Amino acid sequence: MTGEQLSTLFGLMLEYAVPTLKIFAFTLLYSIPLGMVVALLKMCRFKPISWLTNIYILIMRGTPLLLQLIVAQYSVPYIVRSDICPDFIKSLLENVDIRSESYTFNMMLFAFVLNYAAYFAEIFRGGLESIPKGQYEASRCLGFGKFQTFFRIILPQVIKRVVPASSNEIITLVKDTSLASAIPYMEIMYIAKKQVPLYASLMPLFMAGVFYFVFATVLTVLFSAVEKKLDYYR
Amino acid sequence: MKKTFIARITAGLAAFAMIAAAGSCGNGGSAQTTTAAAGTPAASADDSLKKVMDAKQLVLGLDASFPPMGFTNEANEIVGFDIDVAQAVCDKMGITLVKQPIVWDNKEEDLNVGKIDCVWNGMSINESRQKAMNLSEPYMNNEMIFVVPGNSTVKTMDDLKGKTVGVQSGSSAEEILVAADLYKDITVTALEDNVTLLNQMELGFSDAVFLDSIVANYFITENSKDYVILPGNLEAEEYAIGFRKNDQALRDEVQKILGELKAEGKLAEISTKWFGRDVTTVK
């Protein structure tokens with residue numbers, strides 16, 4: 001490939017790095033809070049809720065994200081057609097324009113968020129359960145309320161403990177955004193794949209790889225800084 | 001402790017099975033509705049053309065990596081022979097052409113759920129597609145041929161025995177190859193697009209690629225590659241446009257306009273731009 005072709009390609013990739021970042025940012029924005037809620041639901045003492053949450057996590061972790069993305073895309077037209085679907089849901093869904101770009105993006109985000117929330121929930125649960133019971137007892141003896149105990153004593157320790165595992169998950173998400181190319185949604189991987197035939201070269205894929213690598217490296221550096229900052233007792 | 005754990009797993013599995021059962025019931029139900037619904041509108045009125053005219057747009061589904069029929073250029077625009085013809089048709093109808101990239105393996109699904117109005121992307125006619133879609137009259141001839149590297153020892157189709165052949169997954173080329181007598185003597189690797197297959201052949205992943213002659217010829221001349229097309233072909237076939245099974249009015253309108261474009265010489269003009277001569281077979 002000539003230098004001119006390379007710079008055209010680079011410009012195009014840079015332009016479509018934005019949708020990739022969009023998927024990444026929105027998935028984190030919704031899946032982390034949802035993951036916290038799911039973690040609490042799973043630890044709920046009312047067993048049926050805990051079981052339902054377990055089933056949700058089992059399905060989300062037990063099936064490929066790629067399949068979940070495809071199912072999400074085709075879900076609305078299929079629900080509208082099925083007879084067991086109640087009429088009010090049907091009339092609600094019939095107004096959804098399945099040809100619009102926002103539909104593609106929202107359904108994709110829906111799958112990404114549900115999937116990642118399941119993983120985050122397990123990380124957060126692990127963090128919550130790692131705090132010894134003695135701390136709750138001690139804080140009650142010292143006169144702390146339930147809320148105070150959770151937000152001032154437990155949560156700061158949990159955050160410290162879940163950062164390494166969460167950073168792992170977040171870096172995986174950087175690369176998982178490439179699955180959106182199978183919808184197809186126009187992000188950096190889709191562009192790279194479609195540019196391959198044009199130049200009859202694997203350069204576009206290599207360039208996409210460099211992009212993911214740089215992004216993951218930035219996050220790695222960022223998280224090691226965060227971990228250092230949180231390391232205030234040692 | 002252990003007992004409750006096992007009890008929980010069993011409960012979870014039972015609930016999962018119930019959901020799965022409910023899900024499969026739902027599927028069966030929806031399949032019935034589709035056929036029932038499919039029966040009624042065809043019998044009463046076909047509003048497919050009106051729908052497209054009202055929306056003022058025709059949504060064309062394509063794979064976008066099938067040069068020269070429909071592919072992506074440097075600026076990430078979708079161009080090609082099919083796109084130019086579809087644009088000419090839409091201009092005549094006074095509507096906008098929307099180019100919607102799809103996954104080729106899911107094209108029938110996208111058509112059925114209404115994500116796209118037609119599949120127009122160098123699609124060969126075959127039995128399964130005739131069943132799944134309402135196809136237009138063929139607009140172009142095509143052959144399925146084998147391409148080998150210039151320095152290959154394979155000179156005829158008989159030399160292919162014991163070799164590895166690449167083919168596009170979900171394509172009619174794949175179906176033809178699987179049905180051919182040759183199939184039992186060769187190893188087939190299926191991949192998403194033809195150009196990746198040709199690149200892999202150059203790197204030694206396979207000995208030959210089985211693909212559309214239109215694509216092969218365009219690729220070889222455009223990139224000045226040292227490839228050889230083996231003499232002979234497995235099956236001659238034709239390209240057509242695919243519409244939804246019930247969209248007869250829309251199909252007929254597009255067919256009529258294609259005929260007009262042919263008579264006006266517009267099709268010949270577009271064909272010459274991409275292939276150097278008029279290869280269209282529209283009547």
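Computed from a predicted structure; not experimentally measured. So you know, we letter chains A, B, ... as the sequences are listed, proteins then strands, and number each from 1.
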* Worked verdict on A:Thr104 versus B:Gln100 for side-chain contact (heavy atoms from CB on, under 4.5 Å) -> CA-CA 12 Å; A:Thr104 313; B:Gln100 174 65 49; 5.8 Å; no
* Flag the one option from B:Asp193, B:Leu198, B:Thr196, B:Val59 with the top tally of heavy-atom pairs under 4.5 Å to chain A. => B:Val59
* Asked: For A:Ile183, is it the side chain, the backbone, both or neither that has a heavy atom under 4.5 Å from a heavy atom of chain B?
  -> backbone
* Asked: Going by an N to O cut-off under 4.0 Å, is there a salt bridge joining A:Arg99 and B:Asp117?
  -> yes
* To do: Report the distance from atom CD of B:Glu109 to atom OH of A:Tyr78, rounding to the nearest 0.5 Å.
  => 3.5 Å
* **Structural part of B:Phe66 lying under 4.5 Å from a heavy atom of chain A** => neither
* Measuring heavy-atom distances to chain B, does A:Ser181 have an atom under 4.5 Å in its side chain, in its backbone, in both, or in neither? -> neither
* Hey, which of B:Asn199, B:Asn76, B:Ile116 has the most heavy atom pairs under 4.5 Å with chain A? -> B:Asn76
* Asked: Is the OH atom of A:Tyr30 crowded by more than 12 outside heavy atoms at less than 6.0 Å?
  -> no
* Is there any residue in residues 112-123 of chain A with a non-hydrogen atom under 4.5 Å from a non-hydrogen atom of chain B, and which ones are they? -> none
* To do: Evaluate the side-chain proximity of B:Asp110 to A:Tyr74: yes if any heavy-atom separation is below 4.5 Å, no if none is.
  => yes
* Under 3.5 Å, is there a donor-acceptor pair between the side chain of A:Gln195 and the main chain of B:Asn73? -> yes
* Is atom NZ of A:Lys90 surrounded by more than 12 heavy atoms (other residues, nucleotides or ligands) closer than 6.0 Å? -> yes
* Asked: Just wondering, more than 12 heavy atoms not from A:Phe105 lying within 6.0 Å of its CZ?
  -> yes
* **Min side-chain heavy-atom separation B:Val113-A:Ile98 under 4.5 Å** => yes
* Asked: Less than 4.0 Å between a side-chain N and a carboxylate O, is that true for B:Asp63 and A:Lys194?
  -> yes
* Asked: Shortest non-hydrogen contact from B:Pro101 to A:Pro184?
  -> O-CG, 3.3 Å
* Asked: Considering residues, nucleotides and ligands other than A:Asp87, do more than 12 of their heavy atoms fall under 6.0 Å from its CG?
  -> no
* Asked: Under 6.0 Å from the CD atom of A:Glu94, do we count more than 12 heavy atoms belonging to anything else shown?
  -> yes
* Asked: Could you give the distance from CG (A:Leu12) to CD (B:Glu74), rounded to the nearest 0.5 Å?
  -> 9.5 Å
* Structure fact -> Honestly, the part of A:Gln73 sitting under 4.5 Å from a heavy atom of chain B is side chain
